[in-house]
Amino acid sequence: MASTIRLQREDFDAAAEAAKLTRGRSDIGAVVTFTGICRGSESGDPIAALTLEHYPGMAEAEISRHVEDAQARWPLLGVTVIHRYGRMMPGENIVLVVTASSHRQAAFAAAEFLMDYLKTRAPFWKQVESVSGKTWVEAQQADDAAAKRWNKPPGREAAE
Amino acid sequence: MASTIRLQREDFDAAAEAAKLTRGRSDIGAVVTFTGICRGSESGDPIAALTLEHYPGMAEAEISRHVEDAQARWPLLGVTVIHRYGRMMPGENIVLVVTASSHRQAAFAAAEFLMDYLKTRAPFWKQVESVSGKTWVEAQQADDAAAKRWNKPPGREAAE
Amino acid sequence: MSQLKLIYFSWVRERVGKAEEEVAPPKDVVTVSELMSWLARRGEEYAHAFENPKVIRAAIDRSHVRPDTAIAGAREIAFFPPMTGG
Amino acid sequence: MSQLKLIYFSWVRERVGKAEEEVAPPKDVVTVSELMSWLARRGEEYAHAFENPKVIRAAIDRSHVRPDTAIAGAREIAFFPPMTGG
């Protein structure tokens, strides 16, 4: 399976990445892209910028493990994960997940699975800058709950 | 909420449609795009082309109703649905759903909901051309099952 | 009953042999289901199209309806197989 | 025990005041949890960083580990708050 994992400071081109996965093949019937974008406010307070710190080496390894896990769970034909680090402004892209499969359920499920894990297991930390200074974003219980649903015996795959 | 529904013969540009939803705003944190593509085989048999017939007037109305339903269920900031009709070749785009929200769960759930309904309720019919002639694609029980899960009381929204 | 526009799609259209037509069913044809039975008696092509009415879906004035829905007041009724879009 | 590389991220790094360092904990420091207790006794900045060890996550050689994991054989141990990527 074609898989691409990149950590980078620069912005990415979601469309170009999705096109790379499908170019020249006719077995792919479904492509899901998720783009995470820096919002202009966090918990209601306006923010000026976001800085993403990461653990080089571990971040790539952790994402690779989850991409392999996704491949084992669903019949995927391609996966791309790009996560930016460094400082970014509201409206800028943060993260991209692209999944390709013959059928839509696998593509949707794998993209959600990868995002839930990126939120809770990939070694990245967000710091927001606002008028009141710099603050580390706290982990959300809702994200942990979202990630935990993948530990349960498969249920949604039954519809495939 | 910004919503766009289009039925057209021509191909679409998924990236341009996603960009239209997010341009100039900083409240969107998550964009999900689903692209359905014409595969080169159907149930294992190679196909030469796919023709999509639709019910003009009803197709737009039916998709609009489901977009409104999605808006009522999830806090969406933008939705685009484009469905092609006519004859298309393997590798060509068939359908696009783009959903934008502050948070990823709403964007993912709404995109899946809309695709499940497009598969089972929107008045489109696929005919495949292969060496053995033209055949109408039969509806899949799995698609009905996927659509039915949205009739149940909300469960996945709990994680938001 | 007044004139009613019928529209057919996919293999229902192919079997009936036309995409649409105007009909004037008798008054005792009250529901969608009864309309299908009445149509099936109009000739071989209709009998073939409506031979298994359970698999045929219907829409009245561009909204999905169930077979027991009354057709009174309808301007346009469409018949088609289960949808396969997306 | 031989030299061990420690790496800190996010507010753990800010509180400790450095991104990484080499340490040589005594032999009776067996688990990740014991290593945190030992570090907390190294000074005010460490005490502050590790004041609530339950919220601190650890990785040994770039894999997540639980607090009761043995540190024997580790080359690199990282400490950080719950992750907030994606």
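Residue numbers begin at 1 in each chain, while the letters A, B, ... track the order of the sequences. These values consider heavy atoms only, across backbone and side chains, with no hydrogens, waters or symmetry-generated copies.
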Would you say that A/Trp136 contacts D/Glu14 through its side chain, given a criterion of any heavy-atom pair below 4.5 Å between the two side chains?
yes
Tell me, yes or no, whether the heavy-atom count around D/Arg42 atom CZ, taken from other residues, nucleotides or ligands under 6.0 Å, exceeds 12.
yes
Please check if the number of heavy atoms outside D/Glu22 that lie under 6.0 Å from its CD is greater than 12.
yes
Does A/Gln141, at its CD atom, have more than 12 non-hydrogen atoms belonging to other residues, nucleotides or ligands within less than 6.0 Å?
no
Using a heavy-atom distance cut-off of less than 4.5 Å, which residues of residues 76-86 of chain D contact chain A?
D/Glu76, D/Ala78, D/Phe80, D/Pro81, D/Pro82, D/Met83, D/Thr84, D/Gly85, D/Gly86
Atom CD of A/Glu53 and atom CH2 of D/Trp11: how far apart are they, to the nearest 0.5 Å?
12.5 Å
Among the listed options A/Trp125, A/Phe124, A/Tyr85, the residue most often paired with chain D at heavy-atom distances under 4.5 Å
A/Trp125
Mind ranking A/Arg84, A/Glu138, A/Arg121, A/His83 by heavy-atom pairs under 4.5 Å with chain D and telling me who comes out on top?
A/Arg121
With respect to chain D, which residue among A/Ala61, A/Ala59, A/Ala122 yields the maximal number of heavy-atom pairs within a distance under 4.5 Å?
A/Ala122
Contact summary for A/Arg65 and D/Arg62, nearest pair of heavy atoms:
NH2-O, 3.2 Å
